[in-house]
Amino acid sequence: MNYNWNWAVLFEEQYLSWLISGFGWTVSVALSAWCIALVIGALVGVGKTVPNRVIRAVSATYVEIFRNVPLLVQMFIWYFAVPELLPDDWGRWMKRDMPNPEFVTAVIALALYTASRIAEQVRAGIETVPPGLTSAATAHGLSVSQTYRYVLLPISFRMIVPPLTSEFLTVFKNSSLALTIGLLELTAQSQQIAEYTFQGFEAFTAATVIYVCIALVATGLMQLLEKYTRIPGYVGTEG
Amino acid sequence: MISIENISKWYGDFRVLSNCTTSVRKGEVVVVCGPSGSGKSTLIKCVNGLEPVQEGKITVDGDEVTAKRANLTALRSRIGMVFQHFELYPHMSVLENLCLAQEKVLGRGRKEAVVRAEKLLTRVGMEDHAKKYPSQLSGGQQQRIAIARSLAMDPIAMLFDEPTSALDPEMIKEVLDVMIELAQEGMTMMVVTHEMGFARKVADRVIFMDEGAIVEDRPTNDFFDNPESERAEDFLSKILGH
Ligand SMILES: Nc1ncnc2c1ncn2[C@@H]1O[C@H](COP(=O)(O)OP(=O)(O)O)[C@@H](O)[C@H]1O
Ligand SMILES: [Mg+2]
């Protein structure tokens, strides 16, 4: 093999700044998508468990669609197809005037996809709460929404911290698909460095190390969260 | 106080309650007993609208529970309910368990709710455990807290669904003592239980149910001394163990 190793290239000002900017976009896309996905995922997950049939059906449909269409396809649909399908004014706005279209589109696609997966976790979490607790809350006069807010969701979110951790890691990995619609996130920047310098091995090693660091930090944060929110001595019905 | 008029309820084709009629006056203690599956739990769950009925009418303190437009949350906040498995909120400390509905349903301020909660914890002998979580307590302690949680709402009546049947024998007394005290203070109570000692001591009336129907509804002593139906006699001889 005749490969010229040159790790120093990563620390040249231009390429280092590309890596940093890529890292910044990766974290921004992933965290923005995650926050939106948590909210939508919680709503849809709750929707799958409420007494109202219409809400249940709408929520189930959401999950089936967004979870089963590949994320890459969803990115393309949001980026290329949706502006054409919208009323003219809106489509034109999306294509021309929307600030940072690659970023916004990537966040929307990633958020809606991740939400469908979080929704399933939330539903499963709610189902581990013994039905007697809901009866007790109802019997004390709490409304359905108060019962979810103060009893069902706080318990089920604690139960699903471990599966949510792996979703949280996945959102960083999935954010790399944003490069396909032109967002210069971490993977795209490494690719670009590889093309400019012919030091592909170094460039992608840097990306790998950064992804691993992100994963380690994310896992650590989630473990802290789990420790902090643990209910003393409590295991759910399936625990 | 509580009036149940000719109610019937079905789960699909299965008739859980058939034409049940009874009433509980203010300050009265009524024990409901009967074999497992006879509809006791279902009957008391209908009283606070946890279960809907298909026929008949229930009123509590003049408000119709079975009315289409009944304000059930307001009504429920005035009726306490204690369950077989305690159903304390596991993610909240004992104190928070007692404060939640006071604050969110009755709209009491934090201070007022805490004061009320502490008073009731003292009353059930649990004042030293306010900061603990339910899973750190014994069954008997949890059930006393569940009773305190209901009392914190200043209910006009209390419903109990087999409050001691999930407890180890040595803990039954501590819970029954709290209930006896409550009864003697004049609380209106409807209690599903097989604790016949409790019934004899504080119940004004005993209702005996079988297959979804109220078979007997009589003053306590009459019920124990000469049950009218063979089924009640049978049941009593089994449960009293001779
Ligand atoms: N949600 C339900 N769906 C169908 N059947 C039920 C339901 N809840 C209770 N039942 C049935 O109704 C009957 C009465 O139940 P329950 O009131 O719990 O009896 P008890 O408290 O006297 O043991 C039982 O046969 C039970 O199987
Ligand atoms: Mg029962």
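Quick note on labels: first sequence line is chain A, next is B, and so on, each numbered from 1.
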Which bit of [X] is near chain A, if near means a heavy-atom gap under 4.5 Å: side chain, backbone, both or neither?
| X | result |
| --- | --- |
| B:Tyr89 | both |
| B:Met81 | both |
| B:His85 | neither |
| B:Leu75 | neither |
| B:Leu88 | backbone |

- [ ] Can you tell which part of A:Arg158 gets under 4.5 Å to a heavy atom of chain B, answering side chain, backbone, both or neither?
- [x] side chain
Open item on the list: Quick check: closest heavy atoms across B:His91 and A:Ile231, and the distance to 0.1 Å?
Closed with: CB-CD1, 3.6 Å
TODO: Identify the heavy atoms of B:Asn48 and A:Ala139 that sit nearest to each other, and give their distance.
DONE: ND2-CB, 3.8 Å
Does atom [atom1] of [X] have more than 12 heavy-atom neighbours, drawn from other residues, nucleotides or ligands, at distances under 6.0 Å?
| X | atom1 | value |
| --- | --- | --- |
| A:Arg56 | CZ | yes |
| A:Phe23 | CZ | no |
| B:Trp10 | CH2 | yes |

Open item on the list: For the interface with chain A, which of B:Pro90, B:Ala101, B:Ala74, B:Gly80 has the highest count of heavy-atom pairs at distances below 4.5 Å?
Closed with: B:Pro90
Open item on the list: Could you check whether any side-chain N or O of A:Gln146 sits under 3.5 Å from a backbone N or O of B:Lys104, counting only pairs where one atom can act as donor and the other as acceptor?
Closed with: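 Indeed, once roles are kept as given, a pair shorter than 3.5 Å links the two residues.
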- [ ] List the steps, then state whether side-chain contact (heavy atoms from CB on, under 4.5 Å) holds for B:Val105 with A:His140.
- [x] CA-CA 8 Å; B:Val105 180; A:His140 287 112; 5.7 Å; no
